[in-house]
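Report on one structure; see the data block that follows.
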Amino acid sequence: MSTVKLTVNGKAVAVDVEDRTLLVHVLRDHLNLTGTHVGCDTSQCGACVVHMDGRAVKSCTMLAGQADGANVTTIEGIAKGDELHPMQAAFRDNHGLQCGYCTPGMIMSAIDIVQRHGGQLDEATVRQELEGNICRCTGYHNIVKAVLDAAGRMKVSQAAE
Amino acid sequence: MYQTTYHRASSVDEAASLFGKSSEAKFLAGGQTLLPVMKQRLAGPSDVIDLGKIKDMIGVEASGDTLTIKAATPHYDVATSDTAKKAIPALAYLASLIGDPAVRYRGTIGGSIANNDPAADYPAALLALDATVKTNKRSIAAGDFFKGLFTTALEDGEIITAVSFPVPAKAGYAKMRHPASRFALTAVFVAQTKSGEIRVAATGASQSGVMRVGAIEAALKANWSPSALDSISIPASGLLADIHGTAEYRANLVKVMAQRAVAAAG
């Protein structure tokens, strides 16, 4: 057992876990942040993507100990109160989800994509960059539309800040 | 996953000493291969020693005609490094093709070459560029480092600290990506060293892991152009065959990827 200290969605937490515990299980089972999903559990589907120190990572492919001291943001941490993050709003407006299982990972990866590419984003780039996120409903068309929409919204909201 | 004990090393020496005290330890860098293997219970190390936070093992540096990538540098940092892009653009490009974005944030060059997957990208670059693998004990030429499937010259407890690449006159990489796994169905790295030597390495092709391709090297030595390989035929014997492609298919890919890599190198 080890104590793992993290900042999750802005809040300092400490959990006592077995060393073999994965980050995703700390989030879901110890912190009850069940928005982060375990889809394939083999590092392929991306349903478990969270941001760690500003980078989108697969939380099913990290030991909790590796994240000790890190700043973690999950899907629960991106809205401002009742105001959805522009990426969440764009997914809703563009019907970018069907069953919704992949959506938290899609959104966390998509925010990372927009942050890396800024205004340079086009459809081909979004499709290429989403390679690590799998939608079993195969609803990629509206997901890509939502990401491009959000890229514009995020630019506007950054400019306003 | 089986029970294990996690250690975070703060220096290479500490990591080596922790290894010596453990019964069956494994070094962990980005964990993008080791952790999936542990989750499937195909590996059950008593201890995992995390190298990912050792500051001396992260970074990309150029000095004279050498580009050095420290072993725990993630693929994303290599792909986006101005230093790497300026010194060996083909190497930065190769790093940008590994896995997916989330994997590239975590996976490292040291982890990739220590694992020596027969379809991994970096081994082709090391072999074609005649790189040197630096460990906490010695320097190993790439040609002596890769010893076949998932096998390297590393001794028990030896830690890769960096890889040094001589900056070539020209280099190019072309990869036929498996559309799901993103591993190389076959990929070829071509390089022309500053002294004029031609070195060509293919990954994802041979049953023995990464390999030099002598026939292509000779043809490119005579004429550095994609068309120089038009009449080359690569034998299929000893090449990988699976549901994704026959040995004959891969043999042809070695030639086609080499042609594309030469075109990319210019």
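Both backbone and side-chain heavy atoms feed into the values below; hydrogens, waters and symmetry mates do not. Proteins come first, then strands; the chains are lettered A, B, ... in the order of their sequence lines, and each starts at number 1.
Other residues, nucleotides and ligands contribute more than 12 heavy atoms inside 6.0 Å of the CZ atom of B:Arg8. More than 12 heavy atoms of other shown residues, nucleotides or ligands fall within 6.0 angstrom of atom NZ in B:Lys137. Crowding of B:Asp242 atom CG: a count of heavy atoms from other residues, nucleotides or ligands under 6.0 Å exceeding 12. Annotation for B:Lys85: atom NZ counts as buried by contact number, over 12 foreign heavy atoms lying within 6.0 Å. More than 12 heavy atoms of other residues, nucleotides or ligands lie within 6.0 Å of CD in B:Gln3, so this atom counts as buried by the packing criterion. By the 6.0 Å contact criterion, CD on B:Glu155 is enclosed, its count of non-hydrogen atoms from other residues, nucleotides or ligands being greater than 12. Heavy atoms from other residues, nucleotides or ligands lying under 6.0 Å from CZ of A:Arg127 number more than 12.
Each of A:Gln44, A:Gln128, A:Lys58 was checked for a side chain to side chain donor-acceptor pair (under 3.5 Å) with B:Asp100, and the lone residue meeting it is A:Lys58.
Neither the backbone nor the side chain of A:Ser2 comes within contact range of chain B; no heavy atoms are under 4.5 Å apart. With a 4.5 Å cut-off on non-hydrogen atoms, B:Leu28 touches chain A through its side chain but not through its backbone. Heavy-atom distances place the side chain of A:Leu22, and not its backbone, under 4.5 Å from chain B. Residue contact with chain A, scored on non-hydrogen atoms closer than 4.5 Å, involves the backbone of B:Tyr2 exclusively. Neither the backbone nor the side chain of B:Pro45 has a heavy atom closer than 4.5 Å to any heavy atom of chain A.
With hydrogens and angles disregarded, no donor-acceptor distance shorter than 3.5 Å links the side chain of B:Arg106 to the backbone of A:Val57. For B:Tyr6 (side chain) and A:Asp19 (main-chain N/O), no donor-acceptor pair under 3.5 Å exists by modelled atom type.
Side chains of B:Met1 and A:Glu18 form no contact here, defined as non-hydrogen atoms less than 4.5 Å apart. Residues B:Tyr105 and A:Met52 fail the side-chain proximity criterion, which asks for heavy atoms closer than 4.5 Å.
For chain A, the option among B:Gly99, B:Pro101, B:Pro36 with the highest count of heavy-atom pairs below 4.5 Å is B:Pro101. Most heavy-atom pairs under 4.5 Å with chain A: of the set B:Gln32, B:Gln40, B:Arg104, this distinction falls to B:Gln32. Looking only at heavy-atom pairs under 4.5 Å with chain B, the residue among A:Met62, A:Gln66, A:Glu129, A:Arg116 that has the most is A:Gln66. Across A:Thr21, A:Val49, A:Leu130, A:Thr61, the residue that shares the most heavy-atom pairs under 4.5 angstrom with chain B is A:Thr61.
To the nearest 0.5 Å, the span separating OG on A:Ser43 from CG on B:Leu35 amounts to 8.0 Å. A distance of 13.5 Å separates NZ in B:Lys39 from CZ in A:Arg20, rounded to the nearest 0.5 Å.
For B:Lys53 and A:Asp68, the salt-bridge test fails: no basic side-chain N is under 4.0 Å from an acidic carboxylate O.
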